[in-house]
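Structure record follows, encoded as structure tokens.
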Amino acid sequence: MKRIIQSTDLPDNLKTIANKVFRQERLNDKEGLCLFEEAGLGLLGVLASFTREKKNGNFVYFNRNFHIEPTNICIYNCRFCSYSRKINEKGAWEYSIDDILSKVAEFKNKPVTEIHIVGGVHPNRDLHYYGNMIKKIKEILPQIHVKAFTAVELEFMIKKSRMTLDEGLKKLKEYGLDSIPGGGAEIFREAIRKQICDEKSSTLEWLKIHETAHNIGIPSNATMLYGHIENYSDRIDHLSRLRKLQDKTGGFNTFIPLKYRMANNKLSDIGEVTTIEDMRNFAVSRIYLDNFPHIKSYWPMIGKETTQLSLSFGVDDIDGTIDDTTKIYSMAGADDKKPTLSTNQLVQLISDARRTPVERDTLYNIIREYRE
Ligand code: V47
Ligand code: SF4
């Protein structure tokens, strides 16, 4: 039976949009904006859940992963960043390759499937330095999927090694890079990007790196940093550019909205948006990005309970066990200072929200379904 809304108190514009969603038709930018501006939370929950159930049934995915952050030394000065330091500044760190490899060796007999590597843009490290790091990681854990380096880190290391994007990404693939995480996207609208992260890779460069990667068979994720100085139109502009690129390449797996966290950075004065706003953002992203297979809620950033709530607003993925290895969000004010969840805890968190937990690998191949 078709779910079509006919006589309710909904205004006509929202009724038209709701019926388009139920017919699984693509929304245009104006309709996406209208959802942000006018739709109630209940309606957004219903529409986003309808969309997620068409794509992913009742499944909520997670994986077993750990993070490596090689350094927080960074040449850039993004105003929202709580984490980066200059060389010799108090609080700066850089792990040697040996430090990293001994951390990796701790996972030798554990059933992890993914290593996630992101960090600052170190002025002295080039593509071959990080490429060799990946190669050595795979000597220790040959089966591991390496999801590494934001487009911003990639752009710098490839330029430093005097290669074109195409050459650099192919070389990294040879070293063992399997996919690219979604960071560095922040907000694409140039006027806003200029105010929060003027120096680093531009919008066009970020999109070009992901497009080039997709063209040579490296899949990736995409993010959007929201809840700072951007408005709804800026968010729709961001989603629209991602949707266009996905139409072209089909190389994105997951979209991850990243909530701006306010502690210890230059934008702290503006505060943080509410949980209701987080849910609205998840829902509109799910409904609008009709060509993205998955929407991820990154639990170390928004907390476990908010993550559970997001499972009723379009989210079908909650990242992984993480294993206490990320500092980006704890330094920016996330509640969990040592983020780690066991597989049992992740399964419980998902089951408590009445969804079906599914362990996946990075590319969403199912490893195990947890049915009661
Ligand atoms: O690009 C930095 C964000 C990103 C803050 O692909 C902040 O699976 C909020 O790439 N408040 C890096 N966010 C993290 C990243 C990532 C994370 C989770 C999953 C995946 C994936 C990728 O962290 C940066 C920036 O957008 N960030 N500072 C802050 N104060
Ligand atoms: Fe550097 Fe990334 Fe922080 Fe920007 S967000 S200052 S690129 S570590």
Side-chain angles (χ1 to χ4, degrees), residues 64-78 81-163 168-181 183-184 199-201 218 264 300 319-332 334 337-340 362:
R64 297 197 213 206
N65 64 351
F66 66 102
H67 284 218
I68 296 279
E69 292 170 7
T71 182
N72 68 342
I73 293 171
C74 188
I75 56 170
Y76 299 125
N77 301 284
C78 303
C81 183
S82 316
Y83 155 92
S84 76
R85 298 287 185 276
K86 301 299 170 205
I87 292 178
N88 295 329
E89 192 182 334
K90 194 167 167 240
W93 80 78
E94 183 184 18
Y95 297 115
S96 68
I97 299 287
D98 283 346
D99 292 338
I100 290 171
L101 296 180
S102 60
K103 181 81 203 163
V104 169
E106 289 172 22
F107 291 89
K108 227 172 163 181
N109 295 314
K110 293 190 184 163
V112 288
T113 55
E114 174 191 278
I115 173 167
H116 169 121
I117 309 174
V118 294
V121 178
H122 194 294
N124 305 333
R125 304 285 170 246
D126 69 1
L127 178 150
H128 302 290
Y129 177 86
Y130 285 124
N132 278 311
M133 180 184 90
I134 294 176
K135 200 168 146 213
K136 288 184 182 153
I137 289 173
K138 286 205 162 167
E139 282 163 14
I140 299 173
L141 297 177
Q143 307 303 329
I144 202 89
H145 178 110
V146 176
K147 179 178 70 163
F149 310 125
T150 65
V152 176
E153 293 162 86
L154 289 167
E155 196 213 351
F156 181 84
M157 70 175 85
I158 291 172
K159 269 196 188 142
K160 193 165 173 68
S161 296
R162 297 177 194 284
M163 290 177 169
L169 288 167
K170 280 182 180 152
K171 188 72 203 168
L172 282 165
K173 197 173 178 205
E174 260 174 59
Y175 276 123
L177 178 75
D178 295 301
S179 69
I180 297 178
E199 305 155 318
K200 71 183 185 188
S201 314
I218 302 176
N264 310 314
D319 206 87
T321 41
I322 311 278
D323 211 78
D324 180 16
T325 41
T326 177
K327 296 200 181 82
I328 298 182
Y329 301 107
S330 51
M331 289 172 80
K337 298 297 169 216
K338 284 195 172 297
T340 186
T362 308

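The two residues Arg125 and Met157 come nearest to each other via the heavy atoms O-CB, 4.2 Å. Taking every heavy atom of both residues into account, Leu127 and Ser161 meet most closely at N-OG, 3.1 Å. The shortest non-hydrogen separation linking Leu101 to Met133 is CD2-O, 4.5 Å. Taking both residues in full, the closest heavy atoms of Gly120 and Cys74 are given as CA-CB, 4.0 Å, listed atom of the first, atom of the second, then distance. Closest of all the heavy-atom pairs between Asn72 and Tyr83 is ND2-O, 3.0 Å. Pro111 and Arg64 get closest at one heavy-atom pair: CG-NH1, 3.3 Å.
For His122, there are no ring-ring contact (aromatic ring centres under 6.0 Å, His included) partners at least two apart in sequence or on another chain.
The main-chain N or O of Asn77 is found under 3.5 Å from a side-chain atom of Glu199 such that the two form a donor-acceptor pair. Using a distance-only test at 3.5 Å, with no hydrogens or angles considered, no donor-acceptor pair links the side chain of Lys200 to the main chain of Ile75. Listed for the Asp178 side chain is no donor-acceptor partner under 3.5 Å among the backbone atoms of Lys147. Side chain of Asn65 to backbone of Thr362: no donor-acceptor contact under 3.5 angstrom is found. At least one donor-acceptor pair closer than 3.5 Å links the side chain of Arg85 to the backbone N or O of Lys90.
How far OG1 of Thr113 is from CZ of Phe66: 10.0 Å, rounded to the nearest 0.5 Å. Interatomic distance, Ile73 CD1 to Asn124 CG, rounded to the nearest 0.5 Å: 8.5 Å. With rounding to the nearest 0.5 angstrom, the CD1 atom of Ile100 is 7.5 Å from the OH atom of Tyr130. The CD atom of Glu153 sits 10.5 Å away from the CD1 atom of Ile180 when rounded to the nearest 0.5 Å. Note that NZ of Lys138 and CD1 of Ile144 are 9.0 Å apart. Values are rounded to the nearest 0.5 Å. Distance check: Leu177 CG to Ser179 OG gives 7.0 Å after rounding to the nearest 0.5 Å.
In this structure, Lys135 places its NZ atom where only 12 or fewer heavy-atom neighbours from other residues, nucleotides or ligands lie under 6.0 Å away. Applying the 6.0 Å contact sphere to CD of Gln143 captures no more than 12 heavy atoms from other residues, nucleotides or ligands.
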- [ ] Please report the C-alpha distance between Leu172 and Leu154 in whole Å, then the side-chain angles of each, then the deciding distance to 0.1 Å, and finally whether the side chain to side chain contact (heavy atoms under 4.5 Å, CB included) criterion is met.
- [x] CA-CA 10 Å; Leu172 282 165; Leu154 289 167; 3.5 Å; yes
TODO: Might you work through the side chain to side chain contact (heavy atoms under 4.5 Å, CB included) test for His67 and Asp319, ending with a clear yes or no?
DONE: CA-CA 11 Å; His67 284 218; Asp319 206 87; 4.3 Å; yes
Open item on the list: Apply side chain to side chain contact (heavy atoms under 4.5 Å, CB included) to residues Phe149 and Ile134 and explain how you reach the verdict.
Closed with: CA-CA 11 Å; Phe149 310 125; Ile134 294 176; 3.9 Å; yes
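Between Glu139 and Lys136 there is no salt bridge, since no side-chain N of the basic residue sits under 4.0 Å from a carboxylate O of the acidic one. The pair Lys159-Glu155 counts as a salt bridge, with a side-chain nitrogen and a carboxylate oxygen less than 4.0 angstrom apart.
Partner of Ile137 under the side-chain contact (heavy atoms from CB on, under 4.5 Å) criterion, out of Ile68, Ile97, Asn132, Ile115: Ile115 alone.
Between His128 and Tyr175, the ring-plane angle classifies as perpendicular under the 30° and 60° cut-offs.
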